[in-house]
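Written below as structure tokens is the structure these notes are about.
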There are 2 protein chains.
Amino acid sequence: MNPDTATTESEAPERWVAYRPEIKILDCTIRDGGLINDHGFGDDFARSVYNACVAAGVDYIEIGYKASKRIYSPAQFGAWKFCDEDALRRITGDTPAPGTKISVMADAERTDYKQDILPKKKSVIDCIRVACYIHQVPMALDMLQDARDKGYDTMLQLMAVSVIPESELNAALELAAHSVAEAVYLVDSFGALYSEQVHNLISLYLKHMQGTGKEIGFHGHNNQQLAFANTIEAIVAGANRLDATINGIGRGAGNCPMELLIGFLHNPKFQIRPILQCCRDTIMPLSRDIEWGYRVPYAITGRLNQHPRPAIKFRSGPTPDDYVAFYDQMVEEE
Amino acid sequence: MNPDTATTESEAPERWVAYRPEIKILDCTIRDGGLINDHGFGDDFARSVYNACVAAGVDYIEIGYKASKRIYSPAQFGAWKFCDEDALRRITGDTPAPGTKISVMADAERTDYKQDILPKKKSVIDCIRVACYIHQVPMALDMLQDARDKGYDTMLQLMAVSVIPESELNAALELAAHSVAEAVYLVDSFGALYSEQVHNLISLYLKHMQGTGKEIGFHGHNNQQLAFANTIEAIVAGANRLDATINGIGRGAGNCPMELLIGFLHNPKFQIRPILQCCRDTIMPLSRDIEWGYRVPYAITGRLNQHPRPAIKFRSGPTPDDYVAFYDQMVEEE
């Protein structure tokens, strides 16, 4: 699969049988799934997901955040909110499997990065993924540089792209192109984008990164049942870094399901069976206690290009299935 | 939205704000949802869905099948397996609302069409949609002609397109182009198609129908969470007839959700609120007794381009969440 030929219909059959070896996938089951339960997953859960990703040939596993303990109390949040070195090593051992890199997310303004991110040689972490909103780009660039100086791979996660004005997005992408980040992610935080918009945005990201050697990534949300479809569209447009979670677990409507993504990629290095096993043994039992996946309120916030926060709140309220009341409330608020 | 400009990036913004008035939507909640429970929905259910579709401005509502009572016993199947005239009139009254046409599906070889389909002037039905597999095309053409002669609009539903060899598909489309059908549907019966394949197939259907005035339709399934995305792709490629069901209800992984489709189309004649109301009051209460929507076994059959039958059977067996066992069984069988 070559992005240059993406729209050449006559070459399609070849592309459906071959694969693009540059594509790398990142599992954020523990990190994004942890947003549902304040990162309260136990060690057994994290170990099961980690082992499944290693066995499946997943390129990166993002275990959690490096959140500031000044802002978030360790009494209220689980281990994967902070990803202390000893906690990580309980999952990965002192010598993580070489095929699967360890990533953590560092939120701009919510990470004491200078002190909490250790020099690379003292950590099992391979990669720091810095997440920021558009107004936090300068802060994010400083965080990327700090992580790079400490010896890490770095990635930039520019959130909520569907509400960034085009001129500001262009400016941010120019800064990103000159940053140390090895990959820049298109992030559909609100699950609002349709495939064609993803295609156009990936093309824009690629244009800005041209000649830098940086890769483009995509992180979707399933509010309108488009997380997997948009991930495919990102691939077709040229993105080589893709996020997914097992069974699509994640806050609200969740993410692109890893089992579907691996099914789509034909790279023989990816194995679906360990993912199915972890899904059966570790992920699905959670569905008795926590909820994720498509529900109508998420479709409504996605359609309105808004953060799913009110929908998540509504789903935990007294009338979670009163879609009409939720719709009226959201349209009223506009 | 003009299909001719579908791939012209620079015109995209205009297309996202405007709408294509030629697009007509068909609700098959009662017909496809009925496949889950042998068409056992009561009159109240059918009336609620019908009234919601009328209020929402849905163009067609497909209430059920005209199945042969020689093959299917009325003791075992509900009213919407047969759609007798008196049953239909209990829902629509003698004078159905003019904005929403009544459609029924007639399966090749499973319909006593010559006797069971009345002359149009004796029926509230507006449209006969003939469904067939590739080997039944000659039978389907006879059924279409019979329905047309009786005064009905007609549509052709060529099923399981993902396993039809290209040469046979081309031959079938040529026959369809010379038939009386006013619309020909691309049907992804196995939920196996990716968006790009949908795009190419719709283009092929359009090429064959060129100059005939016939419309192309799309009916997707959600086995790989692509029913809505593929419906959008069909629109972009030029399809003007689209199937959906409320909350995506339908056998197995279900269909394209009507609430998402109406959210995507910007035609002011479509109203989402009556659909949300019916979803809340009539559809979601069913989920206590019957299951529909994405589950991993459907992803596996979709990926393998096979009928979801074994996945549906597995879901009603003793270990519905043992995805590994199901995967091993399906791969073994290949």
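Chain letters run A, B, ... following the sequence lines, proteins first and then strands; every chain starts at 1.
By the side-chain contact (heavy atoms from CB on, under 4.5 Å) test, B/Glu291 pairs with B/Arg295, B/Tyr298, B/Arg315, sequence neighbours left out.
When B/Ile272, B/Asn222, B/Asp322 are compared by the number of non-hydrogen pairs under 4.5 Å with chain A, B/Asp322 comes out ahead. When each of A/Ala299, A/Pro257, A/Ala325, A/Gly302 is checked for heavy-atom pairs under 4.5 Å with chain B, A/Pro257 comes out on top. Of the listed residues (A/Gln277, A/Glu259, A/Gln224), the greatest number of heavy-atom pairs within a distance under 4.5 Å of chain B belongs to A/Gln224.
Of the atoms belonging to A/Phe326, not a single heavy atom falls under 4.5 Å from chain B. Proximity to chain B (any heavy atom under 4.5 Å) is shown, for A/Asp281, by neither the backbone nor the side chain. At a 4.5 Å heavy-atom cutoff, B/Ile275 makes no contact with chain A through either its backbone or its side chain. Only the side chain of A/Asn247 comes within less than 4.5 Å of a heavy atom of chain B; its backbone N, CA, C and O stay farther away.
To the nearest 0.5 Å, atoms OG (A/Ser195) and CG (B/Asn230) are separated by 9.0 Å. The CZ atom of B/Phe264 sits 9.0 Å away from atom CZ of A/Arg303, with the distance rounded to the nearest 0.5 Å. Rounded to the nearest 0.5 Å, atoms CG (A/Leu260) and CD (B/Gln225) are 5.5 Å apart.
A/Asp328 has its side chain within reach of B/Arg273: a pair of non-hydrogen atoms, C-beta onward, lies under 4.5 Å apart. Within the 4.5 Å cutoff, side-chain heavy atoms of A/Ile300 are placed close to those of B/Leu276. Within the 4.5 Å cutoff, the side chain of A/Val236 has no heavy atoms near those of the B/Tyr194 side chain.
Counting non-hydrogen atoms of other residues, nucleotides and ligands closer than 6.0 Å to NZ of B/Lys207 gives a total of 12 or fewer.
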